[in-house]
**Student:** 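The structure follows.
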Number of protein chains: 2
Amino acid sequence: MNLYSFILRKGYTSLQNNKLDLQKNKSEKYNKILNSAGAVFAEYGFYKATIAQIAARAGVADGTLYLYFKNKDDILYQFISFKTDVVFKKMNAAVEKGQNAEDKLRNLIRCHLEEFQNDKNMAIIFRSEVRYLRDIEPQIKDISKMYLDLLSDIIEQGQTEGSMRQDLFVGLVKRFILGAVEGVIGTWVSADGRYDLVSMADPLVDLYLTGVRGE
Amino acid sequence: MNLYSFILRKGYTSLQNNKLDLQKNKSEKYNKILNSAGAVFAEYGFYKATIAQIAARAGVADGTLYLYFKNKDDILYQFISFKTDVVFKKMNAAVEKGQNAEDKLRNLIRCHLEEFQNDKNMAIIFRSEVRYLRDIEPQIKDISKMYLDLLSDIIEQGQTEGSMRQDLFVGLVKRFILGAVEGVIGTWVSADGRYDLVSMADPLVDLYLTGVRGE
DNA sequence: TTAGATAATGAATCTTTATTCATTTATCTT
DNA sequence: AAGATAAATGAATAAAGATTCATTATCTAA
């Protein structure tokens with residue numbers, strides 16, 4: 001055993017993370033494993049997925065996974081962390097492009113649907129495995145939480161502008177909005193992604209804004 | 001080995017189910033196990049929950065579970081089937097009590113929130129384990145599906161009455177409504193059920209009906 | 001070109017748990 | 001109350017699969 005693998009194997013987390021961070025840029029093997037894991041987790045669920053499946057799909061040996069990840073949990077953790085970062089950056093950018101609250105909301109929802117449509121594995125895993133992830137890694141950057149914060153800002157801006165009602169219970173409204181998008185995404189996933197998810201964005205925002213009631 | 005346990009053990013499904021149906025009335029042991037399973041599944045998730053934990057909590061031996069259930073999967077299946085039946089009956093009754101579409105929608109949402117508030121374990125399990133359940137038992141009576149059908153009827157009635165817009169995309173609206181309730185329930189669960197969920201019903205329905213936009 | 005370092009392999013190990021079933025205990029029947 | 005019948009027990013089994021690590025392959029720099 002050499003020093004490097006010693007560091008990798010024993011719990012020297014910070015060193016290990018440094019190493020892995022470097023590898024995120026360098027090693028396409030890291031990425032290959034992560035993608036394979038995404039596919040396998042999405043298809044079988046985290047628990048039914050096996051290391052052997054992930055390794056086979058990535059075209060590496062079982063043991064190789066342990067050079068890049070601490071353990072099975074860590075693979076899920078890295079996957080979700082990475083996706084969360086990417087998606088959340090895009091969502092922020094989308095919101096910033098909007099002028100008023102309605103624009104911002106529309107951009108956010110569209111971006112959300114786009115990103116999930118473009119990465120069905122991620123959509124499935126976010127839907128199904130977040131609970132487990134929070135169990136193993138409570139301080140995970142939680143995309144729902146960040147999302148809800150974005151929504152708070154938008155709603156408050158809307159109220160200031162006068163484009164949204166003053167009597168809204170913001171805490172409820174934001175969950176209402178997030179819940180509805182997630183529901184729509186969940187349905188799309190169940191339908192195996194067979195229709196265009198992004199085209200739901202405008203009708204959905206329309207529902208948020210004006211509701212179901214006739215004029 | 002006697003005939004009874006022979007029947008129970010080998011895959012004579014229909015006989016077994018008959019037996020179990022009888023026992024649902026007779027045996028409080030069956031119910032005790034099911035409740036314990038609910039608590040343990042809710043706390044640890046289906047996979048991390050062990051037979052030993054469930055048995056201990058029910059105050060019986062591990063082997064006893066196999067007199068009442070085919071296997072671990074079957075426990076989850078029975079739990080969800082039973083709860084689905086109960087809840088869905090109540091939801092139907094609630095809807096029928098309403099006169100017009102708005103009343104019906106309000107009753108449905110209130111009933112939904114009440115039932116889940118009164119049974120947090122069920123709320124957690126429905127949220128987290130339905131995917132797995134569909135994997136193992138695809139023909140499960142799916143509460144979401146039934147719920148969505150209820151909503152379809154309500155929305156169509158609303159359109160007929162003129163209390164709901166004609167231009168609604170019903171397929172979207174119903175997922176929108178269900179998604180939003182589920183989101184609100186999920187938040188309540190995450191907050192460990194510390195506030196009153198049912199009081200969300202009216203504000204929520206108000207959002208469905210009139211949306212977020214100012215007048 | 002090759003010695004030393006790094007990376008990858010995959011068979012063997014180790015742990016965890018669901019499930020079984022021989023045995024014991026409780027319940028019923030006459 | 002004895003003899004069945006049914007129910008319950010929990011230690012032993014067996015399978016699955018995550019993780020390890022001795023071995024092999026690949027790379028790098030002089």
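Atoms considered below: every heavy atom in the structure, side chains included; atoms not considered: hydrogens, waters and symmetry mates. Remember, predicted model here, so these are calculated numbers, not experimental data. Residue numbers start from 1 in every chain, and the chains themselves are labelled A, B, ... in the order their sequence lines are given, proteins ahead of strands.
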**Student:** Are any of A/Tyr68's side-chain N or O atoms less than 4.0 Å away from OP1 or OP2 of C/dA7?
**Tutor:** no
**Student:** If a protein heavy atom is under 4.0 Å from the base, mark B; if only from the sugar-phosphate, S; if neither, -; do that for nucleotides 12-19 of chain C going 5' to 3'.
**Tutor:** -----SSB
**Student:** Look at B/Glu115 together with B/Lys90 and state whether they make a salt bridge at an N to O cut-off of under 4.0 Å.
**Tutor:** yes
**Student:** Can a cation-pi geometry be assigned to A/Lys72 and A/Phe46, taking NZ or CZ under 6.0 Å from the six-membered ring centre and within 45° of the ring axis?
**Tutor:** yes
**Student:** Examine the side chains of B/Tyr147 and B/Asp142 and answer whether a donor and an acceptor come within less than 3.5 Å of each other.
**Tutor:** no
**Student:** Take atom CG of A/Leu67 and atom P of C/dA5, then tell me their distance rounded to the nearest Å.
**Tutor:** 18 Å
**Student:** How close or far is atom C1' of D/dA18 from atom CZ of A/Phe41, stated in whole angstroms?
**Tutor:** 12 Å
**Student:** Counting just side-chain N and O atoms, does A/Lys29 come under 4.0 Å of either OP1 or OP2 of C/dA8?
**Tutor:** yes
**Student:** In whole Å, I'd like the distance from the CG atom of B/Leu65 to the P atom of D/dT9.
**Tutor:** 10 Å
**Student:** Answer yes if the side chains of A/Asp73 and A/Tyr132 hold a donor-acceptor pair under 3.5 Å, and no otherwise.
**Tutor:** yes
**Student:** State whether a side-chain donor-acceptor pair under 3.5 Å links B/Glu43 with B/Asn121.
**Tutor:** no
**Student:** Figure out the NZ/C1' separation between B/Lys32 and D/dA8, and round it to whole Å.
**Tutor:** 14 Å
**Student:** Classify the ring geometry between B/Phe69 and B/Tyr30 as parallel (under 30°), tilted (30 to 60°) or perpendicular (over 60°).
**Tutor:** parallel
**Student:** Grab the OH-P distance between B/Tyr30 and D/dA8 for me, whole Å please.
**Tutor:** 15 Å
